[in-house]
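Order of appearance sets the numbers: ligands from 1, and atoms from 1 within every ligand.
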Amino acid sequence: MLTLTPTNDPMGAAIADYWKHGKAARLQVFSSQFDEDEIPVRELFRTDKQMPLLERTALQLATGRVLDVGAGSGCHSLTLQERGLEVEAIDISPLSVQVMLERGVKNARLVNLFDEQFVGKYDTILMLMNGSGIIGKIEKLPQFFQKMKLLLNPGGRILMDSSDLRYLFEEEDGSFSIDLADGYYGEVDFRMKYKNVEGESFDWLYIDFNTLSYYAAESGFKAELVKEGKHYDYLACLHL
Ligand code: SAH
């Protein structure tokens, strides 16, 4: 299935509630690898001043026609639109797309990045809030870069943030206990729940910069480390 419906879109339900009522219930996150967690829904509505430095840096680097992939509540799209950039926001969540339109995102569409029907040409492709997540699995990176080739104008670039999850496997003596037979350590699964709306389990990729650079090069892309965050997180710029 390429897009969600309101009955299996917990994050969209949370975003819609917060937009309508100024508050939301708990957006719960489950994973086979981690303890139960929650996403603070308020933070999905962050203003540019409330954004982490990596995201503010990405927004400063955005130029030309921008594609905001997995735009959520539209926080990045709105900031760029206010700065006069032409932005297209896509998301697989119908409820989020509805909220974006109501908040004033001029061009918000219910589209899956990987949908073959989705075409367009952009100078900047934004993928933020662990933007590599949408790729899902390492094995999907070649397909992702193929799609990027179709969507990028000459000279265009992808601005993506991610994290190296190796710290989760670090022992007290500084060594790492990563079981290579388990596949790449940044491949995780999540499932979300909001009130009585339960989503399906989905794959989410965290990727370290070296692995990203390796796969980028295999597809003819260069990866640059723009900025590192405080906790194994970073912003990368990818271009042909
Ligand atoms: N970028 C936003 C939201 C991040 S959450 C922010 O920083 O606040 C990730 C978003 O990506 C969700 O809204 C989810 O619905 C969307 N998404 C997941 N897979 C997608 C895909 N294949 N194509 C487009 N959007 C996707």
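- Using a cutoff of 4.0 Å between basic side-chain nitrogens and carboxylate oxygens, Asp37 and Arg26 are not scored as salt-bridged.
- Atom 17 (N) of ligand 1 has Ile92 CG1, 3.7 Å as its closest protein atom, hydrogens excluded (heavy atom only).
- Heavy-atom contacts from other residues, nucleotides or ligands closer than 6.0 Å to OH of Tyr214 number 12 or fewer.
- For Asp91, a nitrogen or oxygen atom sits less than 3.5 Å from a nitrogen or oxygen atom of ligand 1, counting backbone and side chain alike.
- For ligand 1, the polar-atom distance check against Ser96 finds no nitrogen or oxygen pair separated by under 3.5 Å.
- Some N or O of Leu113 is nearer than 3.5 Å to an N or O of ligand 1, by distance alone.
- For Asp9, no heavy-atom contact with ligand 1 is shorter than 4.0 Å.
- Heavy atoms of Glu55 found under 4.0 angstrom from ligand 1: none, in either backbone or side chain.
- Glu200 and Arg191 are not joined by a salt bridge, as no carboxylate oxygen comes within less than 4.0 angstrom of a charged side-chain nitrogen.
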Check step by step if ring pair (Phe, Tyr, Trp, His ring centres under 6.0 Å) holds for Tyr167 and His231. CA-CA 9 Å; Tyr167 64 89; His231 197 66; 4.4 Å; yes

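- Of all the heavy atoms of Ile134, the ones lying under 4.0 Å from any atom of ligand 1 belong exclusively to the side chain.
- Considering backbone and side-chain atoms together, Gly70 places an N or O closer than 3.5 Å to an N or O of ligand 1.
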Side chain to side chain contact (heavy atoms under 4.5 Å, CB included) between Ile39 and Val29, intermediate numbers included: CA-CA 7 Å; Ile39 297 179; Val29 182; 3.6 Å; yes

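- A donor atom on one side chain and an acceptor atom on the other are found under 3.5 Å apart for Tyr185 and Asp164.
- Looking from atom 24 (C) of ligand 1 to the surrounding protein, the closest heavy atom is Val111 O, 3.5 Å.
- Aromatic pair Phe190/Phe30: centroids not less than 6.0 angstrom apart.
- Salt bridge absent: Glu224 and Arg157 never bring a charged side-chain N and a carboxylate O closer than 4.0 Å.
- Taking distance alone, with nitrogen or oxygen atoms compared against 3.5 Å, Asn112 approaches ligand 1 more closely than that limit.
- Among all non-hydrogen protein atoms, the one lying nearest atom 6 (C) of ligand 1 is Arg46 NH2, 3.4 Å.
- Set against the non-hydrogen atoms of His76, the atoms of ligand 1 under 4.0 Å away are 6 (C), 7 (O).
- Of the protein's heavy atoms, Trp204 CH2, 4.0 Å lies nearest to atom 9 (C) of ligand 1.
- Atoms of ligand 1 found under 4.0 Å from any heavy atom of Ala71 (numbered from 1 in listed order, with element): 2 (C).
- Residue Leu128 has at least one heavy-atom neighbour below 4.0 Å for each of these atoms of ligand 1: 1 (N), 7 (O).
- If you run side chain to side chain contact (heavy atoms under 4.5 Å, CB included) between Tyr122 and each of Ile125, Thr124, Leu126, only Ile125 comes through.
- Of the charged side-chain nitrogens involved, none lies within less than 4.0 Å of a carboxylate oxygen, so that Lys140 and Asp203 do not count as a salt-bridged pair.
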